[in-house]
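Written out below as structure tokens is the structure these notes cover.
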Number of protein chains: 2
Amino acid sequence: MSSNGEHRGEWHEEQQAGGRRAEAYGSDVRAQLHHRVPDLGALELLLAVARHGSLGAAAREVGITQPAASSRIRSMERQLGVALVDRSPRGSRLTDAGALVTDWARRIVEAAEAFDAGAQALRGRRDSRLRVAASMTIAEYLLPGWLIALRAERPDTAVSLQAGNSAVVAERLLANEADMGFVEGLAVPDGLDGVVVAHDRLMIVAAPSHPWARRRGPLGLAELAATPLVLRERGSGTRQVLDAALADHGGLARPLLELASTTAVKAAAVSGAGPAVLSELAIAEELASRRLVAIPVEGVELRRDLRAVWPTGHRPTGPARDLLSLTRARPAG
Amino acid sequence: MSSNGEHRGEWHEEQQAGGRRAEAYGSDVRAQLHHRVPDLGALELLLAVARHGSLGAAAREVGITQPAASSRIRSMERQLGVALVDRSPRGSRLTDAGALVTDWARRIVEAAEAFDAGAQALRGRRDSRLRVAASMTIAEYLLPGWLIALRAERPDTAVSLQAGNSAVVAERLLANEADMGFVEGLAVPDGLDGVVVAHDRLMIVAAPSHPWARRRGPLGLAELAATPLVLRERGSGTRQVLDAALADHGGLARPLLELASTTAVKAAAVSGAGPAVLSELAIAEELASRRLVAIPVEGVELRRDLRAVWPTGHRPTGPARDLLSLTRARPAG
DNA sequence: ATGACGTCATAAGCTGGCCTTATGAGCAGC
DNA sequence: GCTGCTCATAAGGCCAGCTTATGACGTCAT
């Protein structure tokens, strides 16, 4: 957040043209996503239609009446300008375009599920059956998925989440204010036991337009160390790992940009500011869609262990064990 | 969806104190995501608040008034049961929980952007400046990201999209009803030229609970061939590649399940039905969150080339070239 | 100190979207 | 032809979210 506020800003100037309603909305109402994307309810309904092959059945699933579903799908088709379902007296099937739209919709709904799982844990009461404390990276990228999986297996487990750095996690666990913790970093904090549940690899990434994206061989360490990069600020977790790994290669060059959040670094890299170093967790989607390209580097593995932790001697039991078993890394590489 | 719905409900009971409503909706209203997840407009507003550090400024960005923003954020906090922003007379900053929620929200908004980019192209008129024909896999997973990137670089390029198999893509191109195509598969259709823009690797995946997820070494080819898998139906693109690759190892065992869509295969695998074979594009997120685990296999690379194609001799120019340059794979492996 | 400008909150009123119920029409199978 | 499924249309109600108008609080410059 913050920090990447410059290469935007061209476009919300005209929005305030001022005046009343018609003007207040400005001429580019449609710059807002939610005017062009159906709301979650409609998307859920569409997925239900895809599953059931019937508007009425879908309506029942989402708890509305058939006419409501009918009108909602219709207005979604109007909004998108695309026919989504073929209606017939014996049911409704998705059109080809509808199938595609449904797939895209599913991604939104999945993201919403992760949001929900996370938010629910964040609100979680102290009396939850499973109180989790986790580092930011883990809470942000991994935990929602785990919570969804946990919910699928043990629907009655109420989870609460507290996010913070390793020290906070340790403190919570030792004060018995959390049943299980997740930390990233090189060592297990004092007083805690733990197991590695995953590895977070730091990757060198660049926009596809960057020359490095066209290299033939992997990057040499010296070259990496000599190139100004987009980085998190000194002191951050990822920066520590990076500094440590390159210490005996002369250390890093002066950064091209130092930004305060993972998101800002990512945005800078995507927009072509320069090569950046980011957790693979943060960039899975950008890699898949080729908004970013991973640059192989010779001779370093910038790995960081992600661990589940608990107070020494108190192996997790009950819900905590359920969660742990979901997250266990497979032993081999 | 479904599955949960009981261990909550303490706190938005009172929101609809009204009598009849409660019944019309049925008792498990809250099973629906959109009752627990703020709508897109609210999420966009939250992101704007994060960027600007001020409710008023955020309100201006999204084109509403400050009181509207204030009330919207507040009701989002009520809905989630979590304080998201610290208000002060000199601005508003996200709380820790708010930062986390904002990160989760960003994923939803990004998915919505992809949806929007795709839907817009799908609706696109024949007179668009760039008419694209693409295979399903590419249209589903890759194209939205490319379109977002293209829009960022050339905001005035109107794109239209037609999805279909290789034959359809070829036909469109040759009839000059498309300016550029994308196909997956082993060969370039007759009459077309093309370049490889990406590689789609088929991966063997299983739920983390599956024994294969705990193997030490990679899987042998023979063992793979002997194990019933969850697969797409015979004739599908992924199935062809798989059958070809394993032909000289005795071919595949009888499938455990044959399903009609990638989504269905994925769902079966995640739910632990058995190991499945899926495009890496389809499972990036599941791998990152460990809902699925990739099983390394000895001695095969199930690769499939993804190519940009055009009628022989008509190298892409103008908008088509812009798009192509976004998608170009880097030469090395 | 005092006013100007920034922040956010509260109150009252309008409106549009989405829901409901009630009804009708098309097609399949006994 | 009846029964059961499908979807569509019409009329009416309610609520969420918007607007404008106002007030209170804090900071900074005069």
Side-chain angles (χ1 to χ4, degrees), chain A residues 15-16 18-26 29 32 34-35 37-46 48-49 52-79 83-95, chain B residues 12 14-26 29 32 34-35 37-46 48-49 52-79 83-95 98:
Chain A
Q15 297 216 59
Q16 29 190 317
R20 61 178 47 78
R21 187 100 185 213
E23 255 140 339
Y25 271 143
V29 181
Q32 254 102 272
H34 65 273
H35 286 121
V37 177
D39 65 54
L40 265 178
L43 300 179
E44 289 188 272
L45 176 62
L46 180 62
V49 170
H52 293 291
S54 151
L55 293 186
R60 250 171 279 127
E61 177 181 318
V62 307
I64 61 178
T65 59
Q66 171 268 317
S70 182
S71 116
R72 206 141 190 213
I73 294 284
R74 182 173 298 286
S75 72
M76 184 159 35
E77 290 177 313
R78 246 205 336 267
Q79 180 182 23
L84 299 174
V85 306
D86 268 336
R87 298 137 169 85
S88 90
R90 355 185 253 302
S92 297
R93 288 192 53 72
L94 293 179
T95 60
Chain B
H12 72 303
E14 62 266 335
Q15 299 216 66
Q16 45 175 290
R20 42 131 31 89
R21 186 87 192 242
E23 247 139 347
Y25 272 145
V29 182
Q32 255 102 273
H34 65 272
H35 286 120
V37 177
D39 64 51
L40 265 178
L43 299 179
E44 289 188 272
L45 175 61
L46 180 62
V49 170
H52 291 291
S54 150
L55 293 187
R60 273 191 301 277
E61 178 181 317
V62 306
I64 59 177
T65 59
Q66 170 268 318
S70 181
S71 118
R72 205 138 191 217
I73 294 285
R74 182 172 298 286
S75 74
M76 184 159 35
E77 291 177 314
R78 243 202 345 261
Q79 181 183 22
L84 299 174
V85 306
D86 269 337
R87 296 150 235 263
S88 88
R90 358 186 249 304
S92 296
R93 287 191 55 71
L94 294 178
T95 61

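Just so you know, these numbers use all the heavy atoms, side chains as well, and skip hydrogens, waters and symmetry mates. A note on names: the letters A, B, ... follow the listed sequences, proteins ahead of strands, and every chain is numbered from 1.
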Answer yes or no: does a side-chain N or O of [X] lie under 4.0 Å from OP1 or OP2 of [N]?
X     : N      : value
B/R90 : D/dT27 : yes
B/S92 : C/dC8  : yes
A/R60 : D/dT6  : yes
B/R87 : C/dA9  : yes
B/T65 : D/dC18 : no
A/S54 : D/dT6  : yes

Over all heavy atoms of both residues, which pair between B/Q32 and A/G63 is shortest? Give the atoms and the distance, please.
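For B/Q32 versus A/G63, the nearest heavy atoms are NE2-N, 4.4 Å.
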
Between [options], which nucleotide has the shortest distance from any of its atoms to the side chain of [X]?
X     : options               : value
A/R72 : D/dC7, C/dA9, C/dC18  : C/dC18
A/D39 : C/dC18, C/dC8, C/dT20 : C/dC18
A/P89 : C/dG26, D/dC7, C/dA9  : C/dG26
A/I64 : C/dT20, D/dC7, C/dA9  : C/dT20
A/R74 : D/dG17, D/dT9, D/dA21 : D/dT9

Can you work out whether B/S88 or A/S71 has the more 5'-proximal nearest nucleotide on DNA chain C?
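Looking at DNA chain C, the more 5' nearest nucleotide goes with B/S88.
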
Earlier contact from the 5' end, DNA chain C, for A/A68 and B/G56
B/G56

Residue pair B/V85 / B/E77, side-chain heavy-atom distance below 4.5 Å:
yes

Does the side chain of A/L55 come within less than 4.5 Å of A/V49's, by heavy atoms?
yes

